[in-house]
Amino acid sequence: MDEKIFSTRDLYLAATLISLKFFLTGIDYVVEGNKNSPIGYFKFNDTSSIQEAKSRYTQGLLSVEPKLFITNLKSLKSELINIYSN
């Protein structure tokens with residue numbers, strides 16, 4: 001049985017989901033736009049709880065520990081740079 005994948009290019013949403021203990025299953029990047037800029041797509045298993053977290057994020061109803069969020073944000077940025085460099 002194939003698992004459904006939730007994918008987002010929103011770096012801040014991805015960092016928030018990781019801070020909420022959702023497991024990042026992978027990062028893909030696609031070169032888009034006139035400047036051929038690499039865009040990261042963060043992949044998670046698509047569950048009802050991740051959809052609920054996304055909805056609460058969009059509505060501004062989520063709180064996460066700030067230091068953990070910043071750490072996760074920096075880690076994701078580093079991963080993107082590493083993927084693009086290789």
Side-chain angles (χ1 to χ4, degrees):
M1 184 163 115
D2 292 330
E3 291 186 7
K4 294 174 87 177
I5 299 297
F6 169 74
S7 179
T8 182
R9 62 187 272 174
D10 183 338
L11 178 65
Y12 300 101
L13 173 58
T16 299
L17 292 174
I18 292 169
S19 298
L20 293 171
K21 309 297 185 215
F22 289 101
F23 181 72
L24 179 70
T25 60
I27 303 172
D28 291 332
Y29 86 92
V30 177
V31 177
E32 295 181 353
N34 295 335
K35 296 181 182 179
N36 292 326
S37 301
I39 305 295
Y41 286 85
F42 306 96
K43 300 186 302 184
F44 300 85
N45 289 328
D46 192 6
T47 62
S48 59
S49 57
I50 207 165
Q51 290 299 328
E52 175 67 21
K54 177 188 168 205
S55 176
R56 291 177 56 81
Y57 170 85
T58 303
Q59 296 171 42
L61 300 174
L62 279 180
S63 295
V64 294
E65 199 284 316
K67 288 182 183 178
L68 179 60
F69 173 78
I70 295 298
T71 299
N72 289 326
L73 183 64
K74 288 179 180 180
S75 177
L76 287 175
K77 285 182 179 180
S78 294
E79 283 293 321
L80 282 176
I81 291 168
N82 189 35
I83 289 170
Y84 181 67
S85 297
N86 293 329

Which atom pair, heavy atoms only, marks the closest approach of [X] to [Y]?
X     : Y     : answer
Leu11 : Phe42 : CD1-CZ, 3.6 Å
Ala53 : Leu62 : O-CD1, 3.3 Å
Thr8  : Asp10 : OG1-N, 3.0 Å
Asn72 : Ser19 : ND2-OG, 2.9 Å
Tyr12 : Phe69 : O-CE1, 3.6 Å
Ile5  : Asp46 : C-CB, 3.8 Å

Quick one: pull up [atom1] in [X] and [atom2] in [Y] and give me the separation to the nearest 0.5 Å.
X     : Y     : atom1 : atom2 : answer
Thr58 : Leu13 : OG1   : CG    : 7.0 Å
Asp28 : Lys43 : CG    : NZ    : 4.0 Å
Ile27 : Leu80 : CD1   : CG    : 5.5 Å
Thr16 : Phe22 : OG1   : CZ    : 11.0 Å
Tyr29 : Tyr41 : OH    : OH    : 13.5 Å

Is any side-chain heavy atom of Leu76 closer than 4.5 Å to one of Leu24?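 Side-chain contact under 4.5 Å: yes.
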Strictly distance-based, threshold 3.5 Å: is any side-chain N or O of [X] a donor or acceptor partner for the main-chain N or O of [Y]?
X     : Y     : value
Ser55 : Gln51 : no
Thr25 : Asn45 : no
Ser75 : Thr71 : no
Arg56 : Leu61 : yes

Joint cluster assignment, Ile18 & Leu68, ILVMFWY side-chain distance < 4.5 Å: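 In one cluster with Ile18: Leu68, no.
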